[in-house]
Amino acid sequence: MGKKLIELKGVTKVYDDTAVVDNINLYINENEFVTLLGPSGCGKTTTLRMIGGFEKPDQGEIIVNGVVVNDLPPYERPVNTVFQRYALFPHLNVFDNVAFGLRNRKVPKDEIQVRVTEALKMVSLPNYATRKVTNLSGGQQQRVAIARAIVNRPKILLLDEPLAALDLKLRQSMQYELKEMQRKLGITFIYVTHDQEEALTMSDTIVVMRDGHIQQIGTPFGIYNEPKNRFVANFIGESNLFDGVYVQDHLVRFMGNEWDCIDLGFAPDEAVDVIIRPEDWDIIPAEGAKLSGPITSNIFKGVHFELCTIINGKEIVIHTYENHPVGEVIGLKVDSFEIHLMKVPQ
Ligand SMILES: Nc1ncnc2c1ncn2[C@@H]1O[C@H](COP(=O)(O)OP(=O)(O)O)[C@@H](O)[C@H]1O
Ligand SMILES: [Mg+2]
């Protein structure tokens, strides 16, 4: 990964007396694919718009290449933005839509020809130059919007839920294409989504946000496996959460049992949140198991089965490759390193 390219220092944005982005600190490296992830209303778009120059922070600094850009308008920043609602020019064809920015900047005609052709190839629309944009599907229009941004060869590309309107199949193939494009062009991507799977698939780094605050910054692997709190654990992937008590080092109590664990750094008798991912349970015979209960549902998910059981009134989700019928009484075991403990939010 390259050097630090963008930095947000204590950035705050207030609307109607509410800090919708509240004192966030973040840096983004050259060529990094960073995703802002969080539920609707958590401040993702506002953060992106401040980086792009469409909103001004009320406090803090936005630094690009070592220069504070707070007062620079969007067109003076090395940034291009693809908005959630891409506004193509309906009266222009695909080529002219993509060429628009270059013409404005008085780029020579033959260079425009080369660059637009290249950009359309990049978004898999090489033969669409003369088509009317109004005759394209939603997915194709979105690709034109992306081509229109990359043709400017920005150092930084901001994308606000660019695939949200597409159906699942197209969304998945576009995820792959965008990721490829980013690798090939060496552009820094700042990507906004509320879709955790999309974030996990595409990103080098995920920034999990909630109510204007950053909850956690990390790699997809790190965030999935070591969520910092209950919110992140719940938001990323599926999880089973239990109220627990830290008994002593390497020992935690939950669901009426004591379990070996590997997490350290909690006080004796401290309340902890315990998370166990559905795929980390092992099904064992019910006799002698610390947890046992009947299977209450069984859904085939294509690769695995999603089983539910209810034990002491608590529903537990299990992902397994083995099929177990509803009604079967199973026992559950979990390896010590698959038990993850988190601080309880104050
Ligand atoms: N121009 C605005 N005026 C007032 N409130 C706004 C404005 N833009 C966003 N908000 C509010 O700020 C919060 C964060 O919005 P936004 O950044 O769009 O969230 P996200 O993109 O994560 O869904 C929301 O509560 C939203 O209603
Ligand atoms: Mg948004």
Side-chain angles (χ1 to χ4, degrees), residues 6-28 33-62 64 69-74 77 79-88 138-139 141-142 145-146 148-149 156-168 171 174-175 178 188-203 205-218 220 223 227-237 345:
I6 302 171
E7 197 169 3
L8 273 60
K9 275 193 184 164
V11 168
T12 297
K13 181 76 195 176
V14 178
Y15 288 126
D16 310 326
D17 299 332
T18 307
V20 300
V21 173
D22 194 358
N23 189 24
I24 67 170
N25 293 288
L26 173 68
Y27 68 83
I28 293 160
F33 194 121
V34 175
T35 298
L36 308 180
L37 173 69
S40 177
C42 72
K44 305 179 297 292
T45 295
T46 304
T47 304
L48 204 70
R49 288 174 62 81
M50 288 192 286
I51 297 171
F54 303 97
E55 298 286 349
K56 230 173 163 171
D58 292 299
Q59 275 169 46
E61 290 182 330
I62 295 176
V64 179
V69 298
N70 285 35
D71 295 322
L72 282 189
R77 303 186 185 198
V79 171
N80 257 253
T81 307
V82 177
F83 293 105
Q84 190 166 359
R85 278 179 201 72
Y86 41 92
L88 299 176
Q141 290 187 23
Q142 186 59 303
I146 292 165
R148 191 173 59 174
I156 303 159
L157 190 57
L158 310 180
L159 300 112
D160 193 355
E161 313 230 13
L163 310 182
L166 310 183
D167 64 52
L168 180 66
R171 197 157 74 229
M174 285 289 289
Q175 285 171 4
L178 277 176
T188 302
F189 270 44
I190 308 178
Y191 194 94
V192 161
T193 183
H194 64 271
D195 179 340
Q196 47 105 1
E197 206 172 298
E198 188 161 292
L200 289 172
T201 321
M202 300 181 80
S203 320
T205 303
I206 298 176
V207 179
V208 184
M209 294 179 67
R210 177 197 196 185
D211 294 341
H213 295 270
I214 292 176
Q215 300 289 304
Q216 188 166 0
I217 302 176
I223 292 213
K228 264 202 186 139
N229 57 41
R230 197 177 257 257
F231 173 80
V232 176
N234 262 331
F235 199 75
I236 314 277

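All ligand and atom numbering here is 1-based and tracks the order in the structure. Reckoned from all heavy atoms, side chains included, excluding hydrogens, waters and symmetry mates.
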Rounded to the nearest 0.5 Å, what's the gap from [atom1] on [X] to [atom2] on [Y]? Could you check?
X: Met209; Y: Leu26; atom1: CE; atom2: CG; value: 9.0 Å
X: Phe33; Y: Leu159; atom1: CZ; atom2: CG; value: 7.0 Å
X: Leu36; Y: Ile190; atom1: CG; atom2: CD1; value: 7.0 Å
X: Leu157; Y: Tyr191; atom1: CG; atom2: OH; value: 10.5 Å

N/O donor-acceptor pair under 3.5 Å between [X] side chain and [Y] backbone:
X: Asp16; Y: Thr18; answer: no
X: Gln215; Y: Lys228; answer: no
X: Thr193; Y: Leu37; answer: no
X: Arg77; Y: Ile51; answer: yes
X: Glu61; Y: Lys9; answer: no

Report, as yes or no, whether the 6.0 Å neighbourhood of atom CZ on Phe54 holds more than 12 heavy atoms from other residues, nucleotides or ligands.
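It does: Phe54 CZ has more than 12 such atoms within range.
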Quick check: Lys44 and ligand 1, any N/O pair under 3.5 Å apart?
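The answer is yes, given that Lys44 and ligand 1 share an N or O pair closer than 3.5 Å.
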Considering all protein heavy atoms, does one lie under 4.0 Å from atom 26 (C) of ligand 1?
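Protein heavy atom within 4.0 Å of atom 26 (C) of ligand 1: absent.
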Verify atom 10 (N) of ligand 1: protein non-hydrogen atom under 4.0 angstrom away:
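It does; a protein heavy atom is within 4.0 Å.
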What count do you get for protein N, O or S atoms closer to the Mg ion (ligand 2) than 2.8 Å?
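Excluding waters, the total comes to 1.
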Which heavy atom of the protein is the closest neighbour of [atom], given with residue, atom name and distance?
atom: atom 3 (N) of ligand 1; result: Tyr15 CD2, 3.5 Å
atom: atom 12 (O) of ligand 1; result: Val20 CG1, 3.1 Å
atom: atom 17 (O) of ligand 1; result: Thr46 OG1, 2.6 Å
atom: atom 19 (O) of ligand 1; result: Gly43 N, 3.3 Å

Of the choices Gly38, Gly41, Pro39, which has the non-hydrogen atom that lies closest to atom 24 (C) of ligand 1?
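Ranked by closest heavy atom to atom 24 (C) of ligand 1, first place is Gly41.
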Heavy-atom distances under 4.0 Å are what count here, so tell me which part of Thr45 touches ligand 1: side chain, backbone, both or neither.
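The answer is both.
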